[in-house]
Every structure is written in structure tokens, then in C-alpha cells.
*Asks:* 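Have a look at the structure that comes next, please.
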Amino acid sequence: MSTIRLAISYSNVEVNSKIKLSKEDQNYLFNVLRCQIGKFIEVTNGKGKSFKAKIVDSQHLLITEEEKFSREDIFSIFLCQALLKGQKMELILQKATELGVKEIFPVISRNCVVKKTEKMERWQKIVKEASEQSGRSVIPKIHQLESFDSLIKRVKNGIIFWEKNGKPLNEALKELRIDEPIFLFVGPEGGFTVEEIKIADERGLQIASLGQRILRAETAAIVSVSITNFLLNNYVIIKK
Ligand code: SAM
């Protein structure tokens, strides 16, 4: 049987501590996964540390040792995704988590069709489950919904993806610091406006292309994170 992984974001996760499982985690371990008492599983505090733990009874885990191996990247990708209709945000959150994104900023840009969400709780559940599935020790932080104009004021080290014009992603990455979080901006179904691209440009963000075809926003999000991740992990980009 494959390793069972559980993300438990309690503050007191350390070696030799006994952890009381939440009702939800008890249900997941015993009813969904049919775990037996005595079994060892992998747990993470969601903030970068993983541990081995023993199920000691129906409500508790004993943390036995810290895992030295990490599946986290040394760089940080923050995905700034304009709010999309339907369930597309959910797909993006799941895939971005699998691909190692550390923080996610849902953004309202001018062409967004939807401008609010009541799905924050559901989104948190999605990133928790995707972290567990992919063996991450970080659960990506999902920020509160924010307007493009407000977020862009705090960002310098980033890339905005524009289907109309832009440099290749590897060229854009060369201009960024990789010892600081790299912000990737992906637009809504209707794309970013020329004015938004201009604002990002004035802030010093790189404008990048993902090729000559126009991708759906959710494809663009997944592809932009994948390529960035690949380029940085394989040292294709010379560090600044
Ligand atoms: N409204 C646009 C159109 O129909 O021409 C398409 C917008 S696209 C569906 C949504 C977002 O995905 C864009 O805002 C952009 O951030 C990203 N995107 C899609 N294709 C891209 C490409 N070839 N290069 C860079 N970004 C792309």
C-alpha cells in the first residue's frame, strides 16, 4: 500500500508530541482509508516540515521522527490568477498545488465576469488534499480576493502573461530575482486589458508569451507554472 500522507496544520507538531486528530482527519484515516491502529503515516505541518507518525489510537498520532527529505523547491512561485467562472479556479488550485506553487492570489481584474467568491473554504480543502496527494510539506496559502490594481502595487518581481505580445518565458525569468518570490499573473477569460498590461510594465513586471496560440486561462495557469518550475529546477535560468 502506498504511503498515507496527512496535512495537519496544528502549531504543536514536533517529534514525540501526541497529536489529537480533527474529526475530519479521523474520518479520512479510518473510514476513507481504512487505516489500522499501529500504522505509520507521513504527516506535515503544512509550513515546510514533514514527519513520520504512528496511529496510536482512534483519535491520536504520535510524531516519531522528522523527515529530512523535502519535496519543496528552493524558489517560490506565487500564482496571481484572475477569477474565473465555474469550477476552473478549483482545477487551477489543485494543479498549482501539485506543481509546487507556494501562495495563490485570486485577483479581480477589469475583464473578470465574476467579481466575488463564496468558495474560499472549498478552495482551502482542495489545496490541503492536493498537498497530501502530492507529498508536499507546504499547504499553499490562499490570499483573500483582491483587485488587480491593489495587488500590483506590492509586486515587482513578476511576470504577466499576455497572449498578444511578450518575450519568451525563459527570457523573462532571466530578468527576475529567484531568491525572492516570483509572481505569475494569468488573466481571466477575456484577458488583461491593455491598460493593465501597461500598469504591470510600469511596475517593472516582465510581459511574457506562452506561444502563438491563445490558451484558455486554466491552461495558461498550469503551463506557466510548469514551465517556470522546469526552467528554475533545471538551472536553465542563470541565477541573478
Ligand atoms: N481574451 C483573449 C482572446 O480571446 O484573445 C484570451 C485570454 S486567455 C483565454 C486568458 C489568459 O491566459 C490571458 O489573460 C493570459 O494571461 C493567458 N494566456 C493565454 N494564452 C496565452 C499566450 N499564448 N501567451 C501568454 N498568455 C496567454
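In each ligand, atom 1 is the first atom listed, and ligand 1 is the first ligand listed.
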*Asks:* At under 4.0 Å between heavy atoms, is it the side chain or the backbone of Ala217 that contacts ligand 1, or both, or neither?
*Replies:* both
*Asks:* With nothing but distance in play, are any N or O atoms of Ile214 less than 3.5 Å from an N or O of ligand 1?
*Replies:* no
*Asks:* Ignoring hydrogens and angles, write down the donor-acceptor pairs under 3.5 Å from the side chains of residues 207-220, residues two or more places apart or on other chains.
*Replies:*
residue: Ser209; atom: OG; partner: Gly211; partner atom: N; Å: 2.9
residue: Ser209; atom: OG; partner: Gly211; partner atom: O; Å: 3.4

*Asks:* So, do Phe105 and Phe185 have ring centers that fall under 6.0 Å from each other?
*Replies:* no
*Asks:* Salt bridge between Lys49 and Glu14, side-chain N to carboxylate O under 4.0 Å?
*Replies:* no
*Asks:* Decide yes or no for Thr193 and Phe148: does some side-chain heavy atom of the first lie under 4.5 Å from some side-chain heavy atom of the second?
*Replies:* no
*Asks:* Would Ala208 count as being in polar contact with ligand 1, using the rule that some N or O on each side must be under 3.5 angstrom apart?
*Replies:* no
*Asks:* Have a look at Arg213, Glu163, Gln81 and point out the one with the heavy atom closest to atom 27 (C) of ligand 1.
*Replies:* Glu163
*Asks:* Taking only heavy atoms of Glu189, which atoms of ligand 1 are found under 4.0 Å from at least one of them?
*Replies:* 1 (N), 6 (C), 7 (C), 9 (C)
*Asks:* For Lys164, which part has a heavy atom under 4.0 Å from ligand 1: side chain, backbone, both, or neither?
*Replies:* neither
*Asks:* Considering non-hydrogen atoms of the protein only, which is the closest contact for atom 10 (C) of ligand 1, and what is the distance?
*Replies:* Pro188 O, 3.1 Å
*Asks:* Nearest 0.5 angstrom please: Asn16 CG to Glu65 CD, how far?
*Replies:* 10.5 Å
*Asks:* What residue and heavy atom of the protein are closest to atom 15 (C) of ligand 1, and at what distance?
*Replies:* Phe161 O, 3.2 Å
*Asks:* Charged N to carboxylate O below 4.0 Å: is that the case for Glu72 and Arg136?
*Replies:* yes
*Asks:* May I ask you to check if ligand 1 and Gly211 share an N or O to N or O distance below 3.5 Å?
*Replies:* yes
*Asks:* Any ion pair linking Lys95 and Glu98 (charged N to carboxylate O, less than 4.0 Å)?
*Replies:* yes
*Asks:* In the protein, which heavy atom is nearest to atom 11 (C) of ligand 1, and how far is it?
*Replies:* Gly187 O, 3.7 Å
*Asks:* I'd like to check which ligand 1 atoms, numbered from 1 as shown, lie under 4.0 Å from a non-hydrogen atom of Ser209.
*Replies:* 24 (N), 25 (C)
*Asks:* Indicate, with yes or no, if the rings of Phe192 and Phe161 have centres closer together than 6.0 Å.
*Replies:* no
*Asks:* If the threshold is 4.0 Å, N to carboxylate O, is there a salt bridge linking Lys52 and Glu42?
*Replies:* no
*Asks:* N/O of Ala220 under 3.5 Å from N/O of ligand 1, yes or no?
*Replies:* no
*Asks:* Should Arg110 and Asp149 count as an ion pair when the cut-off is N to O under 4.0 Å?
*Replies:* yes
*Asks:* Return the CD to NZ distance between Gln133 and Lys128, rounded to the nearest 0.5 Å.
*Replies:* 13.0 Å
*Asks:* With heavy atoms under 4.0 Å as the rule, classify the contact between Gln212 and ligand 1 as side chain, backbone, both or neither.
*Replies:* neither
*Asks:* Taking distance alone, with N or O pairs closer than 3.5 Å, would you say Phe185 contacts ligand 1?
*Replies:* no
*Asks:* Starting from atom 24 (N) of ligand 1, what is the nearest protein heavy atom, named by residue and atom, and what distance separates them?
*Replies:* Leu210 N, 2.8 Å
*Asks:* Tell me the nearest of Leu215, Asn111, Leu84, Leu184 to atom 19 (C) of ligand 1, using heavy-atom distances.
*Replies:* Leu215
*Asks:* Find all atoms of ligand 1 within a distance of less than 4.0 Å from any non-hydrogen atom belonging to Gly190, and give their numbers and elements.
*Replies:* 1 (N)
*Asks:* Would you say Ser224 touches ligand 1, if touching means a heavy atom closer than 4.0 Å?
*Replies:* no
